[in-house]
Amino acid sequence: MTPSAAVVTVSDGVHRGTRVDRGGDDVAAHLAEHGFEVVIRSVVPDEPDLISAAIVEACGRARFVVTTGGTGFGPRDVTPEATSAVLDRDAPGLQLAMLIAGLAATPMAALSRAVAGCRGSSLVVNLPGSPKGALENLSAIIDLVPHVLDLLAGDTEHA
């Protein structure tokens, strides 16, 4: 069965139509290349309530939910807080894997505040807004995601 995925772009500029959603496009393509069916593509502005609501909605339809954008230190970068507000459990190992991969490419990766965790049987992961950073982070964990989804579905038998 093809796992379902959602891509939620968090960006005031993309939401207003003044920026192109390159990060979201690249992430969706990468997910498809790795066997995921992208069932949701949405864009929300950098507003905590709207981000949280988009994640909750996406978790109702997709097993793997990724956000792009809003993970830095800017005054409107609130994606990690909005995500944490709707998670049941954190996934610090996935966060660490993404950080290590990012740091291997640039010291600027230390400025990402991305979080990862689960809501129900869905995995939720924040990715940076930059297409390059988003793909580096996603690539660091993509091979682990199917196993995580199995575990969240209750399949805890090891092969």
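Both backbone and side-chain heavy atoms feed into the values below; hydrogens, waters and symmetry mates do not.
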Novice: Taking a hydrophobic cluster as the set of Ile, Leu, Val, Met, Phe, Trp and Tyr residues connected by side-chain heavy atoms closer than 4.5 Å, whether directly or through intermediates, do Ile141 and Leu87 fall within one such cluster?
Specialist: no
Novice: If you take all heavy atoms of Arg22 and Pro131, which pair is closest and at what distance?
Specialist: NH2-CG, 3.6 Å
Novice: Any chance you could measure Arg76, atom CZ, to Glu47, atom CD, to the nearest 0.5 Å?
Specialist: 4.5 Å
Novice: To the nearest 0.5 Å, what is the distance between CD on Glu81 and CD1 on Ile51?
Specialist: 9.0 Å
Novice: So which heavy atom on Asp143 is nearest to which on Pro146, and how close?
Specialist: O-CD, 3.7 Å
Novice: Hey, does the side chain of His34 reach the backbone of His30 with a donor-acceptor pair shorter than 3.5 angstrom?
Specialist: yes
Novice: Applying side chain to side chain contact (heavy atoms under 4.5 Å, CB included), can you list everything that pairs with Ala6, at least two apart in sequence or on another chain?
Specialist: Ile40, Ala58, Ala62, Val65
Novice: Which heavy atom in Ala134 sits nearest to a heavy atom in Pro128, and how many Å separate them?
Specialist: CB-O, 3.4 Å
Novice: Which pair of non-hydrogen atoms, one from Leu152 and one from Leu123, has the smallest distance, and what is that distance?
Specialist: CD1-N, 3.9 Å
Novice: Of the options Leu50, Thr67, Leu127, Thr79, which is the one that meets Val8 in a side chain to side chain contact (heavy atoms under 4.5 Å, CB included)?
Specialist: Thr67
Novice: Does Val148 share a hydrophobic cluster with Val125, counting links as ILVMFWY side-chain heavy atoms below 4.5 Å and allowing steps through other members?
Specialist: yes
Novice: From Glu136 CD over to Leu103 CG, what is the distance, rounded to the nearest 0.5 angstrom?
Specialist: 10.0 Å
Novice: Would you say Val10 ends up clustered with Val14 if hydrophobic residues are merged whenever their side chains have heavy atoms under 4.5 Å apart, either directly or through other cluster members?
Specialist: no
Novice: Looking only at non-hydrogen atoms, find the nearest pair between Ser112 and Thr71 and report the distance.
Specialist: OG-OG1, 3.5 Å
Novice: Side chains of Asp21 and Thr9: donor-acceptor distance under 3.5 Å anywhere?
Specialist: yes
Novice: Please check if the side chain of Arg63 supplies one atom and the backbone of Pro3 the other of a donor-acceptor pair under 3.5 Å.
Specialist: no
Novice: Group every Ile, Leu, Val, Met, Phe, Trp and Tyr by side-chain heavy-atom contacts under 4.5 Å, then state whether Leu144 and Leu31 land in the same group.
Specialist: yes
Novice: Looking at every heavy atom in both Arg113 and Gly70, which two are closest together, and how far apart are they?
Specialist: NH2-O, 4.5 Å
Novice: When you compare the side chain of Arg61 with that of Ser4, does any pair of heavy atoms fall below 4.5 Å?
Specialist: no
Novice: Can you tell me how far the CG atom of Leu135 sits from the CG atom of Asp26, to the nearest 0.5 Å?
Specialist: 5.0 Å
Novice: Would you kindly confirm whether Val115 and Met98 end up in one hydrophobic cluster when ILVMFWY residues are joined by side chain heavy atoms under 4.5 Å apart?
Specialist: no
Novice: Only counting residues at least two apart or in another chain, list the ones meeting side chain to side chain contact (heavy atoms under 4.5 Å, CB included) with Ala140.
Specialist: Ala101
Novice: Output the distance between atom CG (Leu99) and atom CG (Leu94), rounded to the nearest 0.5 Å.
Specialist: 12.5 Å
Novice: Is there a side-chain contact between Ile142 and Phe36 in this structure, where contact means two heavy atoms from C-beta onward sitting under 4.5 Å apart?
Specialist: yes
Novice: Output yes when Asp12 and Arg19 qualify as a salt bridge under the 4.0 Å nitrogen-oxygen rule, no when they do not.
Specialist: no
Novice: Do Leu149 and Asp155 have side chains that get closer than 4.5 Å, going by heavy atoms?
Specialist: no
